[in-house]
Structure formats: structure tokens, C-alpha cells
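Encoded as C-alpha cells, the structure appears first; notes follow it.
For ligands, and for the atoms within them, numbers begin at 1 and follow the listed sequence. From a predicted model like this one, the values you see are computed outputs, not experimental measurements.
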Amino acid sequence: MKKHILSSLLLLVSIMPIFAQKTGTIAKNGMVSTAHPVASRVGLDILKKGGNAFDAAVAVKFALAVVYPRAGNISGGGFLVYRTASGENGSLDFRERAPLSASRDMYLDKNGNVIKNLSLKGALAVGVPGTVDGMYELWSKKGKLPWKALIQPSVDLAQNGFELTKAEADKLNIYQDVLKEMNGAPNPYISPAGKWKKGDRIINKSLANTLTAVRDNGRAGFYEGKVADDLVNTIQKNGGILSHKDLREYKSIWRGTISADYRGYTIHSMPPPSSGGIALAQLFTGSEMMNLSDYKHNSPDAIHLMTELERRVYADRATHLGDPDFYDVPQAMLLDREYLRKRFSDIRMDKKTDSQRIKPGKVNRIESLETTHLSIVDKDGNAASITTSLNGNYGSKLMAKEGGYLLNNVMDDFSSKPGTPNQFGLVGAEANAIAPGKRMLSSMSPSIVEKDGKLFMVVGTPGGSTIITSVYQTILNIIDHGMSMREAVDAKKFHSQWLPDVIVMEEKSFSSETLDSLRKRGHKLKFASQLGRMDCVLVRPDGSLEGASDTNRSDGQALGY
Ligand code: DON
């Protein structure tokens with residue numbers, strides 16, 4: 001009898017951690033996790049109406065363009081990584097391209113120096129938008145519901161208005177002056193009262209008209225006709241070079257995924273022109289080679305080892321990665337196990353490697369800007385992982401004059417000059433030099449994880465160069481540390497990227513012993529208020545779904561049914 005009680009107690013203790021786990025939103029049939037509650041609601045409604053994950057993704061993408069103007073967009077671009085219910089994986093590249101009259105040195109002065117802000121602000125910063133083409137292509141090949149049903153919710157939101165969340169009101173307030181400087185007033189994003197607050201309504205009739213054209217004419221509604229005329233006029237009047245030919249010729253591209261195995265799981269992520277897939281594959285292969293899972297979560301040893309892996313991986317990124325349609329990316333070499341074994345063989349646990357020894361370069365700041373990610377799973381098990389961006393907050397800050405939407409500043413993702421860092425402190429070389437029609441290298445890493453050949457997790461985040469390391473840590477938190485999706489998203493993060501030669505850590509999140517131990521090994525530490533803004537879905541052992549939006553760091557929402 002006693003033995004019986006003892007074994008029951010032991011069983012209870014062994015399953016207690018499961019009960020003790022803090023979880024996100026749990027549902028059985030479908031889950032939508034996005035950066036904005038209204039966009040998540042739009043996606044959930046589409047799933048409930050019988051749309052699949054791809055229908056919901058299209059509807060959410062357009063809804064974000066209305067309710068999340070800092071990053072949601074119709075004039076940006078991005079990547080989709082998908083997995084169908086039948087187990088097929090792939091990706092869609094709707095990344096922006098350089099205009100056809102772009103040139104390698106377009107951001108340099110006559111002395112060959114980078115002209116400050118030219119690739120970041122105003123018309124010359126704008127790459128050829130890919131979003132509408134990408135969403136139309138996705139819907140044409142994988143959607144179920146009528147196109148109009150997916151766009152109508154966004155037309156309504158722009159026409160009738162939506163309420164600002166606190167985070168959105170605060171963010172818009174920071175950019176009031178520059179938006180006014182670039183676009184004049186009145187303007188839907190400039191508060192008539194001088195300052196936005198939570199609950200204020202934004203109505204954007206011009207955007208409603210643009211979305212109506214897209215609803216009624218599909219791809220042509222944006223790349224041809226009045227909307228295209230207005231876009232080209234706005235850009236050319238403001239000194240930009242984007243033309244009708246650029247819009248006509250833009251084409252999104254179906255690609256495969258870069259896949260890596262890690263401790264019985266397979267991680268599928270985005271191939272070039274994203275650096276995410278290759279970098280994540282290198283990081284997971286290195287993590288397995290170096291037995292990272294033996295170390296405690298966020299312990300000094302784990303942080304040190306991951307930093308040393310990241311240092312080498314980001315050095316490869318800077319040198320070897322670019323648009324594969326323009327540059328012969330040595331993908332096979334970068335993923336080769338022998339190459340990686342050698343690459344990581346000089347890592348020591350007691351001392352950091354000096355980044356300058358790996359390859360010289362100059363350093364710059366790492367700034368947290370905005371992009372947005374959405375993760376969706378439907379009742380059949382189709383999964384969509386999309387990261388999309390205007391690049392900086394509110395992109396180039398320039399709006400299409402009649403169209404009511406903001407234009408991207410993604411040209412800054414190119415390497416304007418070899419060795420000179422961009423806004424994320426990333427340096428690049430020939431592989432990512434500007435050329436007409438070329439796609440700029442990205443860090444966006446929408447990813448899908450499988451276990452035993454089945455869907456396990458959908459994951460992604462904004463964060464510029466920190467995207468890759470945030471996705472890496474979130475996946476490790478689940479696989480190595482047994483966290484729930486909620487806990488994995490909440491967990492404190494750190495980031496390093498070869499140059500600058502520092503570890504950026506979320507402030508007030510790590511003990512002084514941890515910080516001291518890292519400093520003793522030679523690491524320089526910097527602190528950031530937050531890293532990542534994840535939106536993820538996990539398939540739990542009983543088949544239910546756990547959605548988690550990064551609500552501790554901002555105000556997104558995961559909704560399921
Ligand atoms: O494609 C890239 O890597 C960048 N344009 C992403 C920018 C970004 O994530 C900004 N957000 N926080």
C-alpha cells in the first residue's frame with residue numbers, strides 16, 4: 001500500500017512541471033497569432049468561415065496594413081514559409097527588389113562615402129513593393145475562399161476606422177513630426193489633437209480606396225491603373241527612381257526551404273535572399289555539435305557558446321549571402337557538416353574569440369525597429385508563417401499621395417558600401433551590393449518546425465538582425481528546455497552578430513553573476529529594452545494548439561477556436 005502511495009507521489013512530482021507551465025491561448029481547431037488584436041480577429045473569422053491558413057494569412061496581412069501602419073503594409077515585402085496538411089513544405093519570396101534604374105553606388109557621394117539617410121528616408125529608399133503580388137500569388141495557388149472576402153475586412157477597417165492600441169498610439173506619437181514633414185497635414189496618421197492616445201480612431205479613406213482597387217482587380221489593382229500612377233508620381237516627384245516598368249515586372253517567387261535537423265526535430269526556414277534559413281541551419285548544426293543542450297537555459301556557459309556560434313555565422317552572412325538570382329551563394333559549402341565542424345573548432349569555453357580576428361570591419365549601433373510576423377494553423381493542419389516589413393518604423397516615412405499608405409525604406413538592406421554598416425549594424429560585401437532588379441538580403445526568418453514528420457511549431461518575429469537569434473532561442477527554449485509556447489516567447493533574450501563585437505542583452509533580465517561570468521571571458525555587454533516580438537503557435541502532445549503573442553513586450557494577440 002505504502003509503495004503504491006509512493007509511486008503515485010513520484011508520478012505526481014514528475015508531471016507537476018507540466019501543470020505548472022504558464023500557457024498561451026489554447027484551442028483545438030485553429031490559431032492565429034499576430035502583432036495586433038484586430039488583425040488576429042480578422043484571421044480567426046476567416047478560419048471560422050471555412051477559409052484555410054493561407055486565406056487567413058492573406059486577410060491578416062491586409063488588415064495589418066490598416067491597423068498596424070508602422071510595419072503592416074501593402075507597399076513592403078516579405079516571406080512566407082508554409083507547410084500543407086499533407087506535409088509539403090515550401091516558401092514564397094515576395095521580397096522587394098531594387099528598381100531597374102538603381103545602381104551600385106547610388107547612395108555614395110563623389111568621394112565614395114555613404115550619404116547619410118539617403119537609403120532610409122524618402123523616395124530613393126523605396127524598393128519595388130512585393131506584398132500585393134505575393135498575397136495574390138499565395139491566394140491563387142493555395143487559397144479557398146473568394147479573394148474579395150479576404151480583402152473586404154480591411155476595406156471596412158480603413159473606411160470605418162479602428163481604435164489605436166496603447167503601443168500604437170505611443171509609437172505614432174514619436175513619428176508625428178517626421179510624418180508631417182514628409183507628407184504634410186491633414187493626414188490620417190497625424191493627430192488633430194496633437195497627440196494620439198489609446199482608443200483614438202483612425203479613419204483612412206484614401207487607403208480604403210486603394211484596398212477597394214485591390215479587392216476588385218487583384219494584383220492589377222495595385223501594380224496598374226490609378227494606384228500605380230499615384231505611386232510612381234509620388235516617388236518620381238520626390239526624387240526617386242521607381243517606374244511603371246518596375247511595377248509591371250515585379251514577380252514573387254516560389255522557393256524551397258532550408259532545413260536543419262536538431263535533436264529529432266526539423267527546422268524549415270527561408271532560403272536566400274533571406275539569410276535566416278542558412279544562419280539558423282548553421283546555428284542548429286553547431287548547437288548539436290557542441291552539445292548546447294547540456295547547458296542550463298540562459299546560463300553563462302549557454303550564452304557564451306551561443307554567442308561564439310553566432311559570431312561565426314554572422315561573419316559568413318556578411319560575406320557570402322545575397323540574392324541567389326544575382327550572386328552565386330555557396331549554400332552547399334555553408335551547410336556542409338565538415339565545413340561547420342572546422343568553423344566552430346576554435347571555440348573555447350573560457351574565453352571569447354575577438355570578432356576582429358574572424359574578419360575585420362567597423363561597428364555601429366543596433367536599433368530596434370519594426371517589421372511584423374504572423375503565425376497561423378488551421379483545422380486541417382495547414383500552417384503559414386509570414387514575416388513582412390516596411391523595414392524601418394513607417395518605412396521611408398513617405399506616403400503615396402493619393403493612396404494613403406506608407407512606402408518602404410528597404411533599399412537600406414543592401415550593402416551601400418562594402419564594410420559600412422547599415423541601420424542594423426550589419427556589414428555586407430559584393431554578395432549584397434545593389435544591382436538593378438536585385439533583392440536585398442534579409443534577416444526575416446519565418447520558420448516551421450516538424451517532429452516525427454508532423455507539424456510541431458510555427459515561429460517568427462521582427463527585429464532586423466536580431467530576428468535570427470530570437471527565432472533560434474525560441475526554438476531552443478521549447479526543444480532543449482521543455483518550455484510552453486508562452487514561456488518560450490516570454491523568456492529573456494540576448495543577441496550577438498559578429499560585428500559589433502558585443503552581446504546585446506535584455507536589460508534587468510540577467511543576474512549580476514551571469515553578467516560577471518560573461519565579462520570575465522572577455523565579452524562586452526550592451527543592454528536593450530527588448531529583443532524580439534514573437535508570434536508563434538505550438539502543437540501540443542494531445543494535438544491542441546497553443547498560440548503565444550509577445551504580450552509582455554507589446555500588445556499583439558493569439559486567438560483560437
Ligand atoms: O529584411 C530585413 O532583414 C529587415 N528589413 C527587417 C527589418 C526589421 O525587422 C525591423 N524590425 N524590427
- Item | Trace of the ring-ring contact (aromatic ring centres under 6.0 Å, His included) decision for Phe527 with Phe510 | CA-CA 10 Å; Phe527 297 89; Phe510 295 85; 8.3 Å; no
- Tell me, with the steps shown, if Phe456 and Tyr265 meet ring-ring contact (aromatic ring centres under 6.0 Å, His included). CA-CA 9 Å; Phe456 180 67; Tyr265 295 79; 5.0 Å; yes
- May I have the step-by-step check of side-chain contact (heavy atoms from CB on, under 4.5 Å) for Thr551 and Gln557, ending in yes or no? CA-CA 7 Å; Thr551 37; Gln557 192 173 26; 5.8 Å; no
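The ligand atoms of ligand 1 that sit less than 4.0 angstrom from a heavy atom of Ile467 are 9 (O). Taking a cut-off of under 4.0 Å to the non-hydrogen atoms of Ser443, the atoms of ligand 1 that pass are 1 (O), 2 (C), 3 (O).
Residue contact check for ligand 1: Arg95 places a non-hydrogen atom closer than 4.0 Å to it.
At least one N or O atom of Gly464 sits closer than 3.5 Å to an N or O atom of ligand 1. Taking only nitrogen or oxygen atoms, main chain and side chain alike, Phe424 does not reach within less than 3.5 Å of ligand 1.
In Leu441, neither the side chain nor the backbone holds a heavy atom less than 4.0 Å from any atom of ligand 1.
Taking only non-hydrogen atoms, the option from Asp413, Thr461, Asn408, Thr371 nearest to atom 6 (C) of ligand 1 is Thr371.
The environment of NZ in Lys245 is sparse: at most 12 heavy-atom neighbours from other residues, nucleotides or ligands sit within 6.0 Å.
Proximity of Ser275 to Ile468: side-chain heavy atoms (C-beta onward) are separated by under 4.5 Å at one or more points.
Using a 30° and 60° split on the angle between ring planes, Phe284 and Tyr262 fall in the tilted class, from 30° to 60°.
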